[in-house]
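Beneath this line is the structure, given in structure tokens, with notes to follow.
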Amino acid sequence: MTIQVMLTELSKSFLVTLEIFFLTILGSMPLGLAVYFFKTSKFKPLKWITDVYISVMRGTPLILQLMVVYYGPNLIFGITPPSNWRFGAVIVAFIINYAAYFAEIYRGGIESIPTGQYEAAYVLGYTKVQTFFKIILPQMVKRVLPAVTNEIITLVKDTSLACIIGTVEMFTKAKQIAVAPHSPGMLTFVAAAVFYYVFNYLVAFIMKRTEKALNYYK
Amino acid sequence: MKVLEMKNIKKSFADNSVLKDISLCVEKGEVVSIIGSSGSGKSTLLRCATFLEEIDSGSISYMGEYAVNSDGGKPVYSKNLKKFKNEFGLVFQNFNLFAHYSVMKNIIDAPLCVQKREKKEVIAQAKELLKKMGLEDKENSYPCQLSGGQQQRVSIVRALAMNPEILFFDEPTSALDPELTGEVLKVIKQLAEEKMTMVIVTHEMEFARQVSDRVIFMDEGIIAEEGTPREVFDNPKSARIKQFLSNYKNDSM
């Protein structure tokens with residue numbers, strides 16, 4: 001296998017990595033906000049369930065969660081999942097895992113906003129919903145950006161865990177190529193590392209620009 | 001016309017009784033200053049009047065209408081508190097401007113989104129008020145770019161833009177140095193001359209003397225002394241207020 005073929009193969013599988021990445025971001029960031037609302041709900045049972053959920057998601061390995069989500073339907077309920085469940089399981093496991101982390105990041109951001117902002121909004125007659133979406137949320141976004149950047153960069157690398165249930169994203173592909181006869185061997189891993197690194201460099205760059213764009217206020 | 005009437009207000013935090021049966025009435029155009037040492041309940045009284053704290057018993061009415069009615073001493077809050085919030089404005093010690101909004105947006109957002117008023121009219125009013133406060137060149141600035149005195153003047157404009165019947169000030173200059181204090185007090189004095197109804201919690205005794213129609217001295221959750229500035233400052237009756245005022249003698253008085 002030539003280096004060129006190896007790179008082409010890696011690029012193709014990198015699209016799967018990107019797909020996992022973007023779908024997880026798209027799902028977990030809004031879900032994290034919902035989880036935050038559940039956690040701060042006045043309806044205690046909902047708060048308790050959410051506490052347990054966050055605790056389990058953060059307290060057990062993502063790789064194990066992937067196994068449970070993938071094999072669970074069959075092993076626990078005896079259901080035969082659809083043939084494309086492999087990819088579905090990856091997305092579900094990643095979204096529910098990352099949502100727990102995002103919820104906690106949001107909570108930190110929201111709790112750091114001075115009570116005076118709520119009080120000013122209350123006296124001016126804003127409703128609770130208006131206060132949250134107009135006054136609190138925009139300021140929270142600015143405060144949590146550095147922590148969110150960390151989380152997103154971790155996610156890029158975590159996509160490789162999907163290999164445990166046989167999803168052929170870039171890491172799985174690199175492993176397959178490297179051990180195949182007449183392959184570029186070690187060079188394949190180096191190439192995969194460069195893919196991850198460059199993509200993360202890009203992520204960090206974009207996030208930094210976003211932080212700068214929000215620097216017009218303190 | 002009574003703009004605000006608070007009757008038999010009681011408020012405790014845990015075992016700490018902060019307001020012990022306070023009654024306060026403010027007539028249209030009247031300027032009332034509330035003085036007293038820290039912990040005497042001044043700020044809590046304003047926070048109760050603006051619904052930031054729930055009272056334990058008593059009643060509160062604005063423009064002759066009950067916002068909080070007393071049902072055998074038990075307070076019953078109106079279902080439509082939003083309506084009553086239109087009657088008053090509150091200026092905070094720490095300004096509490098919205099950090100992510102420009103000066104203009106801070107001022108016009110609530111009139112537009114809460115009161116649903118015409119944008120053109122609100123902007124015109126905001127510009128006029130800013131000009132009056134000497135801030136006409138600051139409408140596109142953000143709070144973090146302003147001095148404390150400027151921020152406080154913007155927050156006064158923000159409250160005025162809601163066209164309230166009465167304006168509450170909770171130690172409006174306590175977070176400012178003496179120089180900036182002056183510029184804020186000047187603005188409040190100007191409002192007093194225009195017969196704006198105001199209740200001002202303050203530690204600026206000389207200012208209270210000049211600007212008020214009535215001065216209230218609070219001590220340990222009760223109104224210990226009340227009268228014209230002349231009566232309260234020049235002829236205080238109780239020993240407690242004499243002692244309190246003597247702390248200021250060396251200073252501004």
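Please read these numbers as outputs of a predicted model, since none were measured by experiment. Residue numbers begin at 1 in each chain, while the letters A, B, ... track the order of the sequences.
More than 12 non-hydrogen atoms from other residues, nucleotides or ligands lie less than 6.0 angstrom from CZ of B:F13. With a 6.0 Å radius and a threshold of 12 heavy atoms from other residues, nucleotides or ligands, A:E111 has its CD atom above the threshold.
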Apply the test side-chain contact (heavy atoms from CB on, under 4.5 Å) to residues A:E119 and B:T50: give CA-CA distance (whole Å), side-chain angles for both, the deciding distance (0.1 Å), then the verdict. CA-CA 10 Å; A:E119 293 185 344; B:T50 52; over 6 Å; no
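Using a 4.5 Å cut-off between heavy atoms, B:F98 contacts chain A through both its backbone and its side chain. Interface residue B:L81: only side-chain heavy atoms are found under 4.5 Å from chain A. Proximity to chain B (any heavy atom under 4.5 Å) is shown, for A:Y118, by neither the backbone nor the side chain. With a 4.5 angstrom heavy-atom cutoff, B:F84 does not touch chain A via any of its atoms. The contact between A:Q130 and chain B is made entirely by side chain atoms (from C-beta outward), counting heavy-atom distances below 4.5 Å. The contact between B:D109 and chain A is made by backbone and side chain atoms together, counting heavy-atom distances below 4.5 Å.
For the atom pair A:I135 CD1 and B:N96 CG, the distance stands at 11.5 Å (nearest 0.5 Å).
Between chain A and the residues B:R47, B:Q115, B:Q145, the largest count of heavy-atom pairs under 4.5 Å involves B:R47.
The two residues A:G125 and B:K82 have their closest heavy-atom pair at O-CE, 3.6 Å. Of all heavy-atom pairs between B:A99 and A:Q139, the closest is CB-OE1, 3.6 Å. Considering every non-hydrogen atom in both B:M162 and A:L124, the closest pair reads CE-O, 3.2 Å.
A donor-acceptor contact shorter than 3.5 Å links the side chain of B:K85 to the backbone of A:Y122. In this structure, B:H100 contributes its side chain and A:K134 its backbone to a donor-acceptor pair below 3.5 Å.
Looking at heavy atoms from C-beta onward, B:F92 lies in side-chain contact with A:V123 at the 4.5 angstrom threshold.
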